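Structure record follows, encoded as structure tokens.
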Amino acid sequence: MKSSMLFILGATFLGHVNGHYTFGRFIFDSKWSKTWEYVRQISPDKTIKDADIAFVAPNTEPASLDLRCGRNASIAWSRPNTATIKAGDTVGFAAGEPRLTGTDVARIYHPGFASAWLSKSPTDDLNLYTGDGDWFKILSVTGRTEQSLDFSAPENKKLYDQFKAIWGTFNVQSWNFTVPKTTPPGKYLLRFEHIFPNPQDSQFYVNCAHVDIVNTNSNFGTPAPLVKIPGIYTRGQKDVYFDHFDLNFNVTQFVAPKPVVWTG
Ligand SMILES: *[C@@H]1O[C@H](CO)[C@@H](O)[C@H](O)[C@H]1NC(C)=O
Ligand SMILES: *[C@@H]1O[C@H](CO)[C@@H](O)[C@H](O)[C@H]1NC(C)=O
Ligand SMILES: *[C@@H]1O[C@H](CO)[C@@H](O)[C@H](O)[C@H]1NC(C)=O
Ligand SMILES: [Cu+2]
């Protein structure tokens with residue numbers, strides 16, 4: 001009992017030093033873009049001295065505007081490119097630079113759950129859209145899937161952690177998902193979110209890509225449920241703020257917070 005407690009504390013503190021990340025790279029047409037090529041660049045956290053840590057430091061305030069697209073990115077001041085994709089395509093996000101000191105590639109270093117969201121821009125110029133409209137969810141990842149890291153592979157053994165590896169996205173570099181086939185065409189913000197749950201300050205890792213969704217089908221779906229961001233989470237809610245560094249935590253029984261996924 002005692003040694004497992006020490007292990008838990010060690011693992012938690014290590015993660016809080018600089019094990020943060022951003023999702024600066026968008027994946028489409030099976031190719032990885034450069035950091036901030038298609039994703040709105042974020043600003044550093046001005047309260048942190050170390051430049052790299054200031055950049056990747058998470059948001060811990062669910063009511064903040066930064067929950068929408070990351071720090072200072074509800075305004076598209078970096079003017080990223082817009083990726084043209086088709087409804088039904090597989091796309092993805094990857095962790096970008098800067099990465100954790102001493103690691104070869106950027107990864108989702110923390111345990112937790114991921115999701116992807118769309119919000120249609122009312123204007124043709126995505127740079128002018130602040131994301132204050134409606135959002136719907138198109139992906140939810142909790143436990144392990146076929147995309148999760150194979151920790152039995154020799155090169156991944158050092159990345160394993162008994163308490164963290166139960167989460168599907170733990171230590172992956174990227175995550176892919178399908179844009180629903182019946183998504184109405186238009187210019188959208190595509191938001192990727194990873195939450196590192198904690199009893200107090202859960203960490204929100206969020207970024208938004210600019211996408212132009214083409215759909216040549218005649219029937220489009222009606223995305224639902226629609227929500228505003230911020231407004232999806234309240235500090236302290238049980239499915240966002242909890243302790244999972246516990247052998248009794250069963251990720252299979254974990255239900256991701258609302259809203260549910262729109263599958264098209
Ligand atoms: C996501 O797709 C890209 C491009 O096809 C691929 O390189 C990457 O390995 C995929 N990620 C995962 C976790 O499967
Ligand atoms: C937001 O970004 C703009 C453009 O880069 C910058 O001038 C401003 O200082 C940033 N604000 C914050 C709070 O980081
Ligand atoms: C976790 O929950 C699932 C679904 O209820 C169950 O099948 C599984 O046996 C549980 N695992 C453990 C280790 O209790
Ligand atoms: Cu972190």
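Just so it is clear, the structure is predicted and the values come from calculations on it, not from any experiment. Heavy atoms only: backbone and side chains are in, while hydrogens, waters and symmetry mates are out. In each ligand, atom 1 is the first atom listed, and ligand 1 is the first ligand listed.
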Partners of K34 by salt bridge (Lys or Arg N to Asp or Glu O under 4.0 Å), sequence neighbours excluded?
-> none
Q41 near ligand 2, heavy-atom distance under 4.0 Å?
-> no
What are the polar N/O contacts of ligand 3 with the protein below 3.5 Å, with distances?
residue: ligand 3; atom: 2 (O); partner: N250; partner atom: OD1; Å: 3.4
residue: ligand 3; atom: 2 (O); partner: N250; partner atom: ND2; Å: 2.4
residue: ligand 3; atom: 2 (O); partner: Q253; partner atom: NE2; Å: 3.2
residue: ligand 3; atom: 5 (O); partner: Q253; partner atom: NE2; Å: 3.1
residue: ligand 3; atom: 11 (N); partner: N250; partner atom: ND2; Å: 2.9

Look at Y205 and state whether any of its N, O or S atoms is less than 2.8 Å from the Cu ion (ligand 4).
-> yes
Would you tell me whether H194 and Y21 have side-chain atoms, one donor and one acceptor, within less than 3.5 Å of each other?
-> yes
Salt bridge or not for D52 and R99, using N-O below 4.0 Å?
-> no
Passes ring-ring contact (aromatic ring centres under 6.0 Å, His included), F163 versus F249? Steps please.
-> CA-CA 9 Å; F163 293 99; F249 179 79; over 10 Å; no
Do any pairs count as a disulfide bond (SG atoms under 2.5 Å apart) and have a residue in residues 193-228, sequence neighbours left out, and if so which ones?
-> C69-C208
Heteroatom of H20 nearest to the Cu ion (ligand 4) (N, O or S, atom name) | ND1
Is R71 touching ligand 2 with its side chain, its backbone, both, or neither, if touching means heavy atoms under 4.0 Å apart?
-> neither
Under 3.5 Å, which donor-acceptor pairs do the side chains of residues 72-81 form with other protein atoms, sequence neighbours left out?
residue: N72; atom: ND2; partner: S43; partner atom: OG; Å: 2.8
residue: W77; atom: NE1; partner: N72; partner atom: O; Å: 2.9
residue: S78; atom: OG; partner: Q41; partner atom: N; Å: 3.0

With atoms numbered from 1 as shown, which atoms in ligand 2 lie under 4.0 angstrom from a non-hydrogen atom of S43?
-> 1 (C), 2 (O), 10 (C), 14 (O)
Are E193 and R191 ion-paired here, with the side-chain N under 4.0 Å from a carboxylate O?
-> yes
Basic-acidic side-chain contact under 4.0 Å: D132, K228 | no
